[in-house]
Amino acid sequence: MKNIQAIRGMNDLLPEQSPLWQYFEAQIRSLMRRYGYREIRTPILEQTALFARSIGEVTDIVEKEMYTFEDRNGDSLTLRPEGTASCVRAAMENGLLHNQTQRLWYQGPMFRHERPQKGRYRQFHQVGVETFGMNGPDIDAEIILLSARLWKALGLFDHVTLELNSLGSLADRRVYREALTAYFESHFDLLDEDSRRRLTSNPLRILDSKNPAMAEMLAQAPQLLEYLDDESRAHFAALTDLLDAAGIAYVINPRLVRGLDYYSRTVFEWTTTALGSQGTVCAGGRYDGLVEQLGGKPIPAVGFAMGIERLILLLETLDLVPPESQRGPDAYLLAVGERAEREALLLGENLRDALPHLTLQVHCGGGSFKSQIKRADKSGARLALILGEDELDQGALGLKFLREERDQETLPRDAMIERLKALFR
RNA sequence: GUGGAUGUAGCUCAGUGGUAGAGCCCCGGAUUGUGGUUCCGGUUGUCGUGGGUUCGAUCCCCAUCAUCCACCCCA
């Protein structure tokens, strides 16, 4: 019989890895609380139309990467490929956007049917931030500062670069798009196959191409920044002023365009060179038109999303995994002999009652003294608590330090509880 | 979706057209109740899967699945 395997590109998170994820998630929760952002959780399934209408019909995500299927009613459903659309839908549907501002964040799995690669999986996880009702540029700057604070907390700040651009208003982009299309058509012979295909569907993305044969032609192409109206220009200038004042370095990348249609004005990416070809670790921007596009009243919005797998990978690559994230339990209770085995479980309960902060692993399944103390060592515990025949006869408990040069102690149980309280205050 | 590389023990990897090995791990012992070092002994495999060639395939061929890398895409 063939063993069933996990779906391609979808990974199990194993116990060895989960402490690092929990550490990362704890950093996120604390960061969001400190900036006054509140968590929102939405279903991972949505009506297909939500993504088609928000991300854009002619984007790669919608055209060929979504997990779309019919449910038993014949409705077309899609596993969310990103978080913004769901967040906007939920905020609209629940009245969160009515005459008020919102600062929201979310975290969870996203799904895209791409060819798996390092830092790119079919089920992957994002943390996203979305804000509504604020025109910026102060809020644009705030979310960038928030992300910068996270990099500092994780020790990543010196390993990431902030790239910045403005896509202007939708009107700006329309004009620019025409100029750009005209330019590319006049250099049609230099375009590669992909670019020719995009010429009609999404010409801005041609600017992103890494094809060296096109590099010079792209460098000469009209620049979006020159097509910005006064308002967008002022917005962008104010944002860069705020970042300058906050001491956040950035690189203006006029060819930074995002793959999702809903962005306008500010777009940014945090990138790293340490992860190979999947170097974007966090990206986002302003999407003032999206709420209206989805049927709501027009309301400005900015947000970003970061890829958790990529950030975890980056922490590991740069050896920034904090040692305390993989610490074992405080104590490991061994029970040698039949009488002790019978009592250990209840003794464990008593200890947990008396010491609410103690992390205690109780040995189950018997075995020799030697094998049990080996387990205690392997568990990573700081202490071994020893319950054997001798200790039982004395109503006592032994305490051995597994990581420190200290004498072993044997104390009556009540005294041992006080001793442990002192050790794990 | 395109191109390339790789799939052998739980892990990291050797290996041969006559159906397999090392190190680590794990278990036991040296040490009747003391781990992390040492020594001794032991367990572990549909050689990714399905076909084909062959007297015989883990090895050669084809397909397929998976992983990795680049393109692409994007977080």
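What you are looking at is a predicted structure, and each value in this text was computed from that prediction instead of being measured. In what follows, every heavy atom counts, from backbone to side chain, and hydrogens, waters and symmetry copies are set aside. A, B, ... follow the sequence lines: proteins, then strands. Residue 1 opens every chain.
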At under 4.0 Å between heavy atoms, what does A:G9 touch on the DNA or RNA strands: base, sugar-phosphate, or nothing? sugar-phosphate
The side chain of A:Q5 is closest to which nucleotide in this list: B:rA75, B:rA70, B:rC65? B:rC65
Would you indicate which nucleotide in B:rU67, B:rC65, B:rA70 comes nearest to any side-chain atom of A:P116? B:rU67
Among the nucleotides B:rG35, B:rC72, B:rG33, whichever has the atom closest to the side chain of A:K370 is B:rG35
Sugar-phosphate only, base, or nothing, as touched by A:G128 at under 4.0 Å among non-hydrogen atoms: nothing
Base, sugar-phosphate alone, or nothing: which one does A:L334 contact when heavy atoms must sit under 4.0 Å apart? nothing
Regarding A:Q220 and A:Y183, is there a side-chain donor-to-acceptor distance under 3.5 Å anywhere? no
What does A:K400 touch in the nucleic acid at a heavy-atom separation under 4.0 angstrom: a base, only the sugar-phosphate, or nothing? base
Using a cut-off of 4.0 Å on non-hydrogen atoms, how would the nucleic acid contact of A:K378 be classed: base, sugar-phosphate, or nothing? sugar-phosphate
Say we look at B:rC47 and B:rG51: how far apart would their P atoms be, to the nearest angstrom? 13 Å
Remember a base hit wins even if backbone is also touched, and classify A:Q372 as base, sugar-phosphate or nothing at under 4.0 Å, heavy atoms. nothing
Under-3.5 Å donor-acceptor pair between A:D377 side chain and B:rG36 base: no
At 4.0 Å (heavy atoms only), tell me whether A:E309 reaches a base, stays on the sugar-phosphate, or touches nothing. nothing
For the side chain of A:R120, starting at C-beta, report the closest nucleotide among B:rG35, B:rG33, B:rG1. B:rG1
Answer yes or no: does a side-chain N or O of A:S371 lie under 4.0 Å from OP1 or OP2 of B:rG35? no
Of the candidate nucleotides B:rA75, B:rC27, B:rG1, which contains the atom at the shortest distance from the side chain of A:Q126? B:rA75
Within the 4.0 Å heavy-atom criterion, would you say A:V336 contacts the bases, only the backbone, or no part of the nucleic acid? nothing
Nearest-nucleotide pick for A:Q117, side chain only, options being B:rG33, B:rC69, B:rA75: B:rC69
Length of the line joining A:E65:CD and B:rC74:P, which is rounded to integer Å: 7 Å
Ignoring the backbone of A:R8, work out which of B:rG33, B:rU67, B:rU34 is nearest its side chain. B:rU67
Across the strands shown, which category fits A:E16 at heavy-atom distances under 4.0 angstrom: base, sugar-phosphate, nothing? nothing
Touch check for A:A305, heavy atoms < 4.0 angstrom, all strands: base, sugar-phosphate only, or nothing? sugar-phosphate
